[in-house]
Colleague: 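This structure is in structure tokens; I'll ask about it shortly.
Just follow the structure's listing: the first ligand is 1, and inside any ligand the first atom is 1. Side chains included, hydrogens not; waters and symmetry mates left out as well; all remaining heavy atoms used. All values reported here derive from a predicted model rather than from experimental measurement.
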Amino acid sequence: HGITIDDLIKRADIVMYDVKQNNKKAYNFFENRYLDSLQREVDFENKVNQYSFDDYQVYLQPIVNTETNEVYGFEGLTRLFDKSNKPLNTIDVIKVLERQGKIPELDMHVFDTVTQYAKQLKQRFKKDYYFSFNVSPVTLSEDFVTYLADKVKAEHLDPTHFIFEIIETIGFKNIDESVSLLQKLRNIGFQIAMDDFGMGYSSLSYIAKLPLSVIKIDRYFINNYYDNEFDRLLIFAIKDISKSLNLKIVVEGIETTRQLEFIKSLGAHYYQGYFHSRPMSIKDLMIKLDKGFE
Ligand code: C2E
Ligand code: MG
Ligand code: MG
């Protein structure tokens, strides 16, 4: 599949990475389609590179009280629209920024925007909503903690109303250091949520080590609890763990009444999902809040 050594090694490498990603115990031969998918990745990365952080928007998705159906707060989710106003896939954008080492900058930008929105919403609706924001494992650092601490002080914000969402891999590199940084955030007043819970590989002892106040159950379980008994059992186990660790439960991805009824019976405190509303711009959100979301 090549004439020069370089080409052969490069192409063998491409196939090896693909095989490793899809099925670890296998082999395969090089085909041109590999170059196509590589090319698509390169094109996507070039597209992302055309934008600066000022071009990124932050959408807000309501987090809703399961019992009362009242909006409790919002999660800030980053959105990048291309020149024809089509949104790029957020997860793919995040992956590119992670690869390029730019993710802490984005997370800071999103936090700044969320704090501005918090002020605007408070002023207009006279309500103290809660605000969640996502943080990549590489973002968690001494500098970031200082940045957040300075920001809430300078802007006179109540840190207890800001929820720092982490994913399970947060402490994989150095658990003690991560715990100590998260503890600092807790001491300032921030809440910490474990996002996409149940999808990672954490042991229970690992979960108990982190200074959490919220657990967000991944959408995967909500899609599968009905047909899959194991997933149903797992969801009940997660509920029991959360209860004994005194954590609030948020369930993600609620799309139907049936799902909502199920998590109500489970005793989950809050939910997010298309059933209530999709993530939206601050402008659209204000219109919805004006109308009482009906
Ligand atoms: P996440 O934090 O778990 O966010 C929830 C994702 O589920 C969002 O996707 C949201 O649009 C989607 N979602 C909400 N309700 C429903 C539903 O009912 N059905 C379905 N099918 N999906 C629903 P989104 O916005 O594409 O974000 C994907 C992921 O990208 C996020 O998952 C988060 O891990 C990451 N992300 C987003 N913004 C940021 C950011 O500012 N910084 C970092 N580091 N990561 C971010
Ligand atoms: Mg999240
Ligand atoms: Mg999630």
Side-chain angles (χ1 to χ4, degrees), residues 48 51 53-64 66 71 73-81 86-117 130-141 144 147-148 162-170 190-200 202 212-225 235 238 248-260 262-263 268 270-282 284-285:
V48 172
Y51 300 92
F53 286 118
D54 289 338
D55 297 314
Y56 284 69
Q57 300 193 29
V58 178
Y59 270 33
L60 296 173
Q61 183 180 36
I63 303 172
V64 187
T66 311
V71 176
F74 307 94
E75 177 173 7
L77 294 158
T78 194
R79 287 289 177 275
L80 182 57
F81 292 88
K86 212 176 116 242
L88 305 189
N89 181 301
T90 299
I91 292 179
D92 292 339
V93 174
I94 301 280
K95 274 190 204 145
V96 168
L97 297 179
E98 267 175 350
R99 235 181 3 248
Q100 297 180 338
K102 292 182 185 160
I103 200 78
E105 231 179 305
L106 172 83
D107 288 344
M108 253 178 221
H109 167 76
V110 172
F111 178 71
D112 286 352
T113 312
V114 165
T115 55
Q116 280 173 31
Y117 288 171
Y130 286 78
F131 292 87
S132 256
F133 56 104
N134 295 281
V135 185
S136 290
V138 284
T139 303
L140 183 65
S141 66
F144 193 64
Y147 182 81
L148 297 187
F162 290 89
I163 305 162
F164 190 96
E165 292 195 7
I166 56 172
I167 50 173
E168 285 170 90
T169 50
I170 198 95
F190 284 98
Q191 296 193 53
I192 317 283
M194 172 67 74
D195 204 354
D196 304 340
F197 186 66
M199 296 311 286
S202 6
L212 302 172
S213 38
V214 178
I215 264 188
K216 298 187 78 172
I217 299 182
D218 197 82
R219 188 171 54 171
Y220 167 88
F221 293 102
I222 286 311
N223 286 323
N224 290 288
Y225 80 91
I235 236 183
I238 292 174
K248 290 274 185 271
I249 303 175
V250 179
V251 184
E252 303 187 291
I254 297 296
E255 295 182 357
T256 65
T257 317
R258 187 170 80 179
Q259 291 170 339
L260 182 57
F262 171 66
I263 64 151
Y270 306 101
Y271 75 92
Q272 269 174 268
Y274 297 168
F275 180 76
H276 185 276
S277 35
R278 288 180 180 251
M280 61 191 115
S281 67
I282 181 88
D284 288 344
L285 177 67

Colleague: Has the side chain of Thr113 got a donor or acceptor atom that lies under 3.5 Å from a matching backbone atom of His109?
Modeller: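 Checked: pair present.
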
Colleague: What about the rings of Tyr117 and Phe131, do their centers lie closer together than 6.0 Å?
Modeller: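 No: the rings miss the under 6.0 Å criterion.
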
Colleague: For the pair Tyr130 and Ile163, evaluate side chain to side chain contact (heavy atoms under 4.5 Å, CB included) and give the outcome as yes or no after the intermediate values.
Modeller: CA-CA 7 Å; Tyr130 286 78; Ile163 305 162; 4.2 Å; yes

Colleague: Below 3.5 angstrom, do we get any N/O pair linking Gln272 and ligand 1?
Modeller: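 It does not: no N or O of Gln272 is found under 3.5 Å from an N or O of ligand 1.
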
Colleague: Quick one: are Lys102 and Phe53 in side-chain contact, heavy atoms under 4.5 Å?
Modeller: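 Yes - at least one pair of side-chain heavy atoms lies under 4.5 Å apart.
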
Colleague: Can a side-chain donor-acceptor contact be found between Gln61 and Gln272 if the only test is distance below 3.5 angstrom?
Modeller: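 Per modelled atom types, Gln272 and Gln61 side chains form a pair under 3.5 Å.
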
Colleague: If we set the cut-off at 4.0 Å for heavy atoms, which region of Asn134 has an atom near ligand 1: side chain, backbone, both, or neither?
Modeller: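 Both backbone and side chain.
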
Colleague: Would you check if Val64 and Tyr270 make a side-chain contact, meaning some heavy-atom pair closer than 4.5 Å?
Modeller: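 Answer no - side chains too far apart.
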
Colleague: For the atoms OE1 of Glu252 and OD1 of Asp195, give the angle they form at the Mg ion (ligand 3), rounded to 10 degrees.
Modeller: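 That angle works out to 100° after rounding to 10°.
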
Colleague: Find all atoms of ligand 1 within a distance of less than 4.0 Å from any non-hydrogen atom belonging to Val110, and give their numbers and elements.
Modeller: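 Atoms satisfying the 4.0 Å criterion: 41 (O).
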
Colleague: So, for atom 42 (N) of ligand 1, does the protein have a heavy atom nearer than 4.0 Å?
Modeller: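 It does: a protein heavy atom is found less than 4.0 Å away from atom 42 (N) of ligand 1.
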
Colleague: Taking side-chain contact (heavy atoms from CB on, under 4.5 Å) as the criterion, tell me which of Ile192, Asp195, Thr139 meets it with Ile166.
Modeller: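 The residue from Ile192, Asp195, Thr139 that satisfies side-chain contact (heavy atoms from CB on, under 4.5 Å) with Ile166 turns out to be Ile192.
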
Colleague: Using a strict cut-off of 4.0 Å, indicate which atoms of ligand 1 neighbour a heavy atom of Glu255.
Modeller: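 In order of number, 17 (C), 18 (O), 19 (N), 20 (C), 21 (N).
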
Colleague: What's the shortest distance from atom 22 (N) of ligand 1 to any protein heavy atom, and which residue and atom give it?
Modeller: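 The answer is Arg219 NH1, 2.6 Å.
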
Colleague: Ignoring hydrogens and angles, tell me if any N or O in the side chain of Gln259 forms a donor-acceptor pair with the backbone of Thr256 under 3.5 Å.
Modeller: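 At least one qualifying donor-acceptor pair exists.
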
Colleague: Indicate whether the side chain of Asn223 and that of Glu255 have a donor and an acceptor atom separated by less than 3.5 Å.
Modeller: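 No.
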
Colleague: Could you pull out the atom name of the N/O/S atom in Asp196 that is nearest the Mg ion (ligand 3)?
Modeller: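 Of all N, O or S atoms in Asp196, the Mg ion (ligand 3) lies closest to OD1.
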
Colleague: Cut-off 3.5 Å, side chains only: do Lys248 and Gln191 have a donor facing an acceptor?
Modeller: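 Gln191 and Lys248 do not have a side-chain donor-acceptor pair below 3.5 Å.
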
Colleague: Do Phe133 and Phe144 have ring centres separated by under 6.0 Å?
Modeller: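 No: the rings miss the under 6.0 Å criterion.
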
Colleague: Do any N or O atoms from the side chain of Ser136 and from the backbone of Ile103 form a donor-acceptor pair under 3.5 angstrom?
Modeller: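 Side chain of Ser136 to backbone of Ile103, a donor-acceptor pair under 3.5 Å: no, none is there.
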
Colleague: Please identify which atoms of ligand 1 are closer than 4.0 Å to at least one heavy atom of Gly273.
Modeller: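 Within the 4.0 Å cut-off of Gly273, ligand 1 contributes 15 (N), 18 (O).
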
Colleague: Might you check, step by step, whether the distance between atom 16 (C) of ligand 1 and some protein heavy atom is under 4.0 Å?
Modeller: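 True for atom 16 (C) of ligand 1.
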
Colleague: For a side chain to side chain contact (heavy atoms under 4.5 Å, CB included) check, start with the C-alpha distance between Val250 and Val214, then their side-chain angles and the critical distance, and finish with the verdict.
Modeller: CA-CA 7 Å; Val250 179; Val214 178; 3.7 Å; yes

Colleague: Using only atom types and a distance under 3.5 Å, with no angle test, would you say the side chain of Thr90 pairs donor to acceptor with the backbone of Arg79?
Modeller: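 Not confirmed, Thr90 side chain does not pair with Arg79 backbone.
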
Colleague: List the closest protein heavy-atom neighbour of atom 18 (O) of ligand 1: residue, atom name, distance to the nearest 0.1 Å.
Modeller: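 Going by distance alone, atom 18 (O) of ligand 1 is nearest to Tyr274 N, 2.8 Å.
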
Colleague: Heavy atoms only, cut-off 4.0 Å: how does Asp195 contact ligand 1, side chain, backbone, both, or neither?
Modeller: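 It is the side chain that touches ligand 1; the backbone stays farther off.
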
Colleague: Which bit of Ile254 gets closer than 4.0 Å to ligand 1, counting heavy atoms only: side chain, backbone, both or neither?
Modeller: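 The part of Ile254 near ligand 1 is the backbone, not the side chain.
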
Colleague: Answer with yes or no whether Glu98 contacts ligand 1, where contact means a heavy atom under 4.0 Å from a ligand atom.
Modeller: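 Checking ligand 1 against Glu98, which is what was asked, there is no heavy-atom contact under 4.0 Å.
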
Colleague: So, do Tyr225 and Phe262 have ring centers that fall under 6.0 Å from each other?
Modeller: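 Judged by ring-centre distance (under 6.0 Å), Tyr225 and Phe262 do meet the cut-off.
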
Colleague: Can you pull out the closest protein heavy atom to atom 45 (N) of ligand 1? Residue, atom name and distance to 0.1 Å, please.
Modeller: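 Here the nearest protein heavy atom works out to Ile94 CD1, 3.4 Å.
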
Colleague: Tell me: protein heavy atom nearest atom 3 (O) of ligand 1, and distance?
Modeller: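 Result: Asp196 OD1, 3.0 Å.
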
Colleague: Among all the protein's heavy atoms, is there at least one whose distance to atom 38 (N) of ligand 1 comes out below 4.0 Å?
Modeller: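 It does: a protein heavy atom is found less than 4.0 Å away from atom 38 (N) of ligand 1.
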
Colleague: Any atoms of ligand 1 less than 4.0 Å from a non-hydrogen atom of Ser136? List them with their elements.
Modeller: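 Listed by number with element, the hits are 44 (N).
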
Colleague: Give the atom numbers and elements of ligand 1 that come within less than 4.0 Å of a heavy atom of Gln61.
Modeller: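 Within the 4.0 Å cut-off of Gln61, ligand 1 contributes 14 (C), 15 (N).
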
Colleague: Are the side chains of Val48 and Leu88 in contact, using a 4.5 Å heavy-atom criterion?
Modeller: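 Yes, side chains in contact.
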
Colleague: Look at atom 40 (C) of ligand 1 and say which protein heavy atom is nearest, naming residue and atom and giving the distance to 0.1 Å.
Modeller: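 Of every protein heavy atom, Asp107 OD1, 3.8 Å lies nearest to atom 40 (C) of ligand 1.
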
Colleague: What atom name does the N, O or S atom of Glu75 nearest to the Mg ion (ligand 2) carry?
Modeller: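 The Glu75 atom nearest to the Mg ion (ligand 2), restricting to N, O or S, is OE2.
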
Colleague: Heavy-atom distances under 4.0 Å decide this one: backbone, side chain, both or neither, for Thr78 against ligand 1?
Modeller: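 Both backbone and side chain of Thr78 come within 4.0 Å of ligand 1.
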
Colleague: Among protein heavy atoms, which sits nearest to atom 28 (C) of ligand 1, and what does the distance come to when rounded to 0.1 Å?
Modeller: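 For atom 28 (C) of ligand 1, the nearest protein heavy atom is Ile91 CG1, 3.5 Å.
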
Colleague: Angle at the Mg ion (ligand 2): provide the value between OD1 of Asn134 and OE1 of Glu165, rounding to 10 degrees.
Modeller: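 It is 90°, given to the nearest 10°.
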
Colleague: For Pro279, which part has a heavy atom under 4.0 Å from ligand 1: side chain, backbone, both, or neither?
Modeller: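 Within the 4.0 Å criterion, Pro279 contacts ligand 1 through side-chain atoms alone.
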
Colleague: How far is atom 8 (C) of ligand 1 from the closest protein heavy atom, and which atom is that?
Modeller: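 For atom 8 (C) of ligand 1, the nearest protein heavy atom is Leu77 CD1, 3.9 Å.
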
Colleague: At the 4.0 Å heavy-atom cut-off, does Arg278 count as touching ligand 1?
Modeller: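 Judged by the 4.0 Å heavy-atom criterion, Arg278 does not count as contacting ligand 1.
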
Colleague: Give me the nearest non-hydrogen protein atom to atom 27 (O) of ligand 1 as residue plus atom name, then the distance to 0.1 Å.
Modeller: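 In this structure, atom 27 (O) of ligand 1 has Thr90 CG2, 3.9 Å as its nearest protein heavy atom.
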
Colleague: Answer side chain, backbone, both or neither: which part of Glu75 comes under 4.0 Å from ligand 1, heavy atoms only.
Modeller: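 Side chain only; the backbone of Glu75 stays clear of ligand 1.
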
Colleague: Keeping Asn224 on the side-chain end and Tyr220 on the backbone end, is there a donor-acceptor pair under 3.5 Å?
Modeller: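 Confirmed, Asn224 side chain pairs with Tyr220 backbone.
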
